[in-house]
Amino acid sequence: MGPSSRSFNLGMLFIQNSKSMETQLSNGPTCNNTSNGPSTISNNCSSPVESGSMEDSKTNLIVNYLPQNMTQEELKSLFGSIGEIESCKLVRDKITGQSLGYGFVNYVDPKDAEKAINTLNGLRLQTKTIKVSYARPSSASIRDANLYVSGLPKTMTQKELEQLFSQYGRIITSRILVDQVTGVSRGVGFIRFDRRIEAEEAIKGLNGQKPPGATEPITVKFANNPSQKTSQALLSQLYQSPNRRYPGPLAQQAQRFRLDNLLNMAYGVKSRFSPMAIDGVTSLAGINIPGHAGTGWCIFVYNLAPDADESILWQMFGPFGAVTNVKVIRDFNTNKCKGFGFVTMTNYDEAAMAIASLNGYRLGDRVLQVSFKTNKTHKA
DNA sequence: TTTTATT
């Protein structure tokens, strides 16, 4: 298989990449709406006219739509690649400890916060497109401001939904749920207002009302709070295939099987997809498994450009699965990339998929070599 | 017919 045939699944990744990289040079914080996540026309980006509050932090970010399995350490690793972090917190359910899919990153330097927005907002990680924006000052008035709207006309767009609700306040996010197969609206949506009182007014004004041109009235009420699930729902969530994610196109699955079989044959391991089984063999027999570093699977990336940085590694490998760490190796004096770097991924099959897809990938005018890291020892 | 946005 030639290098050129391997870039098949990276189109979206780099459309995205070029966007975030280019906006880095533009002026000030940008209001990037992600293409496939919930978004809003009136985003919570600070504008001098709109917010004017001198209290708004310019270092503290809220990160939304994180993959369910992403840990706080991984969050810190990702955002730490931009600049020095003062603090970092992944928000978890108080009872189950499960990630709620969002977190906070507070930088030391406001310029790094701005850079993180420009570089990482819209980054694809597994099945998610993360959103990075300035955190509003925490206060009780902004909590429980999320509305559940049902009975919407199937033809209503997100923009029209926002237009309907915007008369009641500042909208932070909006979303219309669609059928996963057909993509058609389910007539159900969400509106998150900046403040709870705005949400209350919207309920008073719109619940039971017919939107312009609609034949049926809509229902507007406060959305269920994820942390208020019944214990049953929590349990079922805990046990529903936690490791099943990002199956990808059929071709990728087939390729994954081939790779697994190859590795299994090479090391005499029969149980497929089982890093633990391989790990067991490693520790029992002391065999050196390429890339296996105990905490994950270390991947060697060769032929990076001198100006390559960590974010490019996140952007390349993030979509394939859980990435715990990335590192660009730099020259001590020039601080330029020495042409290679490392990526650590948690799961073997995802790492193998990333290698299969990215080895031979053309990045700019360079063809990358991607493989499991080998334990190279200096020749005597 | 309920997505994971305020520590």
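Letters A, B, ... are given to chains in the order of the sequence lines, protein chains preceding strands, and every chain is numbered from 1.
We find that CD of A:Glu86 is positioned 12 Å from C1' of B:dT7, with the value rounded to whole Å. Put simply, CZ on A:Phe222 is 15 Å from C1' on B:dA5, counting in whole angstrom units. Here the C1' atom of nucleotide B:dA5 and the CG atom of A:Leu147 are 14 Å apart, to the nearest Å. Taking atom CZ on A:Arg170 and atom P on B:dT6, their separation rounds to 14 Å, with Å as the unit. Rounded to whole Å, atom P of B:dA5 lies 10 Å from atom CZ of A:Phe190. The NZ atom of A:Lys221 sits 10 Å away from the C1' atom of B:dT1 (whole-angstrom rounding). The distance from atom CZ of A:Phe193 to atom P of B:dT6 is 15 Å, rounded to the nearest whole Å. Taking atom CG of A:Asp93 as the reference point, atom P of B:dT4 lies 16 Å away to the nearest angstrom.
In this structure, A:Lys204 pairs ionically with A:Glu201, as a charged nitrogen and a carboxylate oxygen lie closer than 4.0 Å. We find that A:Glu310 and A:Arg330 are joined by a salt bridge, their nearest charged nitrogen and carboxylate oxygen being less than 4.0 Å apart.
With DNA chain B read from its 5' end, the first of the two nearest nucleotides for A:Gly151 and A:Arg192 is the one closest to A:Gly151.
In this structure, of B:dT4, B:dT6, B:dA5, it is B:dT4 that holds the atom nearest to the side chain of A:Leu100. Of the listed nucleotides (B:dA5, B:dT6, B:dT3), B:dA5 has the atom at the smallest distance from the side chain of A:Thr173. Distance from the side chain of A:Ile62 is smallest for B:dT6 among the nucleotides B:dT1, B:dT3, B:dT6. For A:Tyr65, counting side-chain heavy atoms from C-beta on, the closest listed nucleotide (B:dT4, B:dT2, B:dT6) is B:dT4. Taking every side-chain heavy atom of A:Ser133 into account, B:dA5 is the closest of B:dA5, B:dT3, B:dT1. The side chain of A:Val91 sits closest to B:dT7 out of B:dT7, B:dT3, B:dT1.
A cation-pi geometry, defined here as NZ or CZ lying under 6.0 Å from the six-membered ring centre and within 45° of its normal, holds between A:Arg196 and A:Phe222.
The only member of A:Leu147, A:Asn146, A:Thr173 that meets side chain to side chain contact (heavy atoms under 4.5 Å, CB included) when paired with A:Phe190 is A:Asn146.
A sub-4.0 Å separation between OP1 or OP2 of B:dA5 and a side-chain N or O of A:Arg175 is absent. Phosphate proximity of B:dT1 to A:Ser150: absent, as no side-chain N or O sits under 4.0 Å from OP1 or OP2. Contact annotation: A:Asn64 reaches the phosphate of B:dA5 (side-chain N/O to OP1 or OP2, under 4.0 Å). The shortest distance between the side-chain N/O atoms of A:Arg186 and the OP1/OP2 oxygens of B:dT2 is below 4.0 Å.
When every heavy atom of A:Thr346 is checked against every heavy atom of A:Glu74, the shortest pair comes out as OG1-OE2, 4.0 Å.
Contact annotation for A:Lys94: no contact, since no heavy-atom pair falls under 4.0 Å across all strands.
Placement of A:Ile299 and A:Phe342 in two distinct hydrophobic clusters is found when ILVMFWY residues are connected by side-chain heavy-atom separations under 4.5 Å, directly or transitively.
One can find a donor-acceptor pair under 3.5 Å joining the base of B:dT6 and the side-chain atoms of A:Arg136. Side-chain atoms of A:Asn146 come within donor-acceptor range of the base of B:dT3, with a qualifying N/O pair under 3.5 Å.
In this structure, A:Tyr102 does not pack face-to-face on the six-membered ring of B:dT6, missing the 5.5 Å centre cutoff or the 30° plane limit.
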